[in-house]
Amino acid sequence: MNERPDREAAKRRIMFVAGEDFYFLTYTLLVLLRELKAASAERALVDSRKLSYVADFLSSDADLQLAVTSAPLSSSARSRLALLYDRAVSRRIAVERLVEALATRGLIQVSRPSFDADRVHLVENAEVAKLLDDPRYSAEAARLKALRKNMPLLRTMTLETLKERLFAERGVRTWGD
């Protein structure tokens, strides 16, 4: 009887963090890991912080176009891209908390070799597989495939390279880390 209120309190803590949608980040991370085929230690996503920077591109066709176009961006498009970058930097702590929570629950595996970036991969789980097979996430999977055409090494590239390719090459000044 006492266990139920604690579980509910824990759910509320993960669901309502000021300024961030943990449901969105959770399914985006799971879709990202599945579509990158990061299902083992050998094929792990290198540096989970990259989720912060790609999340918005997976949720919007208009934002994805900013990342995959080779044409010069207008000033308003550059402003939008700068806003996405700032949002990504600010959500990094939330992503770190999310990764820790999912690892604690056994849904993902995280390894941190020495001073290198962390490596994250999905753990085989029937509930997660069922969730990811839901057709409502097919748009995010399709957007990730489009992004990967521009960045085929997304799973293994460094965070610095990702920031350079997504933002700096398009005229957005990058900072932080």
inquiry  = Taking Lys163 first and then Glu160, would you say they form a salt bridge - that is, a charged N and a carboxylate O separated by under 4.0 Å?
reply    = yes
query = In terms of ring plane angle, is the pair Phe167 and Tyr85 parallel, tilted or perpendicular, where the classes change at 30° and 60°?
reply = perpendicular
message = If I compare all heavy atoms of Leu154 with all of Arg148, which pair ends up nearest, and what's the gap?
response = CD2-CG, 4.2 Å
key: Non-hydrogen atoms of Ala67 and Leu147 that approach each other most closely   = CB-CD1, 4.0 Å
message = Rounded to the nearest 0.5 Å, what separates atom CG in Leu51 from atom CG in Leu45?
response = 8.0 Å
Val89 vs Tyr53, side chain to side chain contact (heavy atoms under 4.5 Å, CB included): CA-CA, chis, key distance, verdict = CA-CA 8 Å; Val89 170; Tyr53 296 91; 3.6 Å; yes
inquiry  = What verdict does the side chain to side chain contact (heavy atoms under 4.5 Å, CB included) test give for Thr161 and Glu164, after you've listed the backbone C-alpha separation in whole Å, the side-chain angles of each residue and the deciding distance to 0.1 Å?
reply    = CA-CA 5 Å; Thr161 302; Glu164 177 70 24; 5.5 Å; no
remark   = Nearest heavy-atom contact between Val46 and Ala117 is CG1-CB, 4.5 Å
request  = Only counting residues at least two apart or in another chain, list the ones meeting side-chain contact (heavy atoms from CB on, under 4.5 Å) with Ser74.
outcome  = Ser76, Ala77
task = Before giving the answer on side chain to side chain contact (heavy atoms under 4.5 Å, CB included), spell out for Thr158 and Asp47 the whole-Å C-alpha distance, their side-chain angles and the decisive distance to 0.1 Å.
result = CA-CA 7 Å; Thr158 66; Asp47 202 340; over 6 Å; no
Contacts table for residues 34-41: side-chain donor-acceptor under 3.5 angstrom, sequence neighbours left out:
| residue | atom | partner | partner atom | Å |
| --- | --- | --- | --- | --- |
| Arg34 | NH1 | Leu132 | O | 2.6 |
| Ser40 | OG | Glu42 | OE1 | 3.3 |
| Ser40 | OG | Arg43 | N | 3.4 |

query = Can you hop from Phe24 to Leu84 via hydrophobic side chains spaced under 4.5 Å?
reply = yes
request  = List in chain and number order the residues that pass side-chain contact (heavy atoms from CB on, under 4.5 Å) with Asp86, two or more places apart in sequence or in another chain; answer none if no residue qualifies.
outcome  = Trp175
ask   = Of all residues at least two apart in sequence or in a different chain, which pass the side-chain contact (heavy atoms from CB on, under 4.5 Å) check with Val110?
value = Val99, Ala103, Ile108, Arg112, Asp118, Val120
key: Residue pairs involving residues 68-78 (criterion salt bridge (Lys or Arg N to Asp or Glu O under 4.0 Å); sequence neighbours excluded)   = none
ask   = Under the side-chain contact (heavy atoms from CB on, under 4.5 Å) test, which residues partner Glu140, sequence neighbours left out?
value = Tyr27, Val31, Tyr137, Arg143
ask   = What closest approach, in Å, do Met151 and Leu162 show between heavy atoms, and which atom pair accounts for it?
value = SD-CD1, 3.7 Å
